[in-house]
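Here the structure is laid out as structure tokens; the discussion comes afterwards.
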Amino acid sequence: DTAKLIWITEVGAPTGGPGAIAGVDDYKFGQSPDHVTESLQAVILREAIDRHQQYKLVGPLFWYSYKDLGTSKQTNENWFGLIRYDGTPKPAYDIFKQLTH
């Protein structure tokens, strides 16, 4: 059905967790990282938005999530936010604001 758009849901990258961390210059694939640096999160967000804007058959893009859920590094689920748990923005927040205004 060419009239329907594809929605991109739950794009995200956690910036904390119990395992290895991947960075912009060191992805650490051999260590199976479970989270990324804040800089790499911003790069991932920028690339997702750039690619989203390239396709006409794509509907909304949803980032998961706006704010970190907590500060415990026992799980990476606490760390997907564009802003930290204390409300301060991560670099990805500025990218989001700049590219979606």
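By convention here, the first residue in the shown sequence is residue 1.
Separation of atoms CG (D94) and CG (L99) is listed at 10.5 Å; rounding is to 0.5 Å. For the atom pair CD of Q53 and OG1 of T100, the computed distance is 9.0 Å after rounding to the nearest 0.5 Å. For the atom pair L40 CG and Y27 OH, the distance stands at 5.5 Å (nearest 0.5 Å). Between atom OG of residue S72 and atom CD of residue E77 there is a gap of 12.0 Å, rounded to the nearest 0.5 Å. For the atom pair Q54 CD and I49 CD1, the distance stands at 12.5 Å (nearest 0.5 Å). In this structure, Y64 OH and T9 OG1 are separated by 12.0 Å, a value rounded to the nearest 0.5 Å.
Contact of the I8 side chain with the V58 side chain is registered, since non-hydrogen atoms from C-beta on lie closer than 4.5 Å. In this structure, F80 and E10 have side chains that are not in contact, with every pair of non-hydrogen atoms separated by 4.5 Å or more. Taking 4.5 Å as the limit, some side-chain heavy atom of E38 sits within range of a side-chain heavy atom of P91. Looking at heavy atoms from C-beta onward, K90 lies out of side-chain contact with I83 at the 4.5 angstrom threshold.
Minimum interatomic distance between A92 and L45 (heavy atoms only, all atoms of both residues): O-CD2, 3.1 Å. Here the shortest heavy-atom pairing between P18 and Q74 reads CG-O, 3.8 Å. When all heavy atoms are compared, the tightest approach of I21 to K28 is O-CD, 3.2 Å.
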Apply side-chain contact (heavy atoms from CB on, under 4.5 Å) to residues W79 and R84 and explain how you reach the verdict. CA-CA 8 Å; W79 301 92; R84 297 177 194 92; over 6 Å; no

With side-chain contact (heavy atoms from CB on, under 4.5 Å) as the criterion, how do R46 and Q98 come out once you've worked through the C-alpha distance, each side chain's angles and the decisive distance to 0.1 Å?
CA-CA 10 Å; R46 176 181 293 279; Q98 174 189 7; 3.7 Å; yes

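In the hydrophobic cluster analysis, where Ile, Leu, Val, Met, Phe, Trp and Tyr join through side-chain heavy atoms closer than 4.5 angstrom, Y66 is grouped apart from Y85.
Around the CG atom of D25, the shell of radius 6.0 Å holds no more than 12 heavy atoms that belong to other residues, nucleotides or ligands. By the 6.0 Å contact criterion, OH on Y55 is open, its count of non-hydrogen atoms from other residues, nucleotides or ligands being 12 or less.
Within the 3.5 Å criterion, the main-chain N or O of L69 finds no donor-acceptor partner in the side chain of N78. In this structure, N76 contributes its side chain and D34 its backbone to a donor-acceptor pair below 3.5 Å. Looking at D68, its side chain never comes within 3.5 Å of a backbone N or O of G70 through a donor-acceptor pair.
For the side-chain contact (heavy atoms from CB on, under 4.5 Å) test, residues two or more places apart in sequence or in another chain that qualify with K97 are Y93.
For W63 and F96, the distance between ring centers is not under 6.0 angstrom.
With Q41 as the fixed residue, the side chain to side chain contact (heavy atoms under 4.5 Å, CB included) test singles out one of I95, V24, V36: V36.
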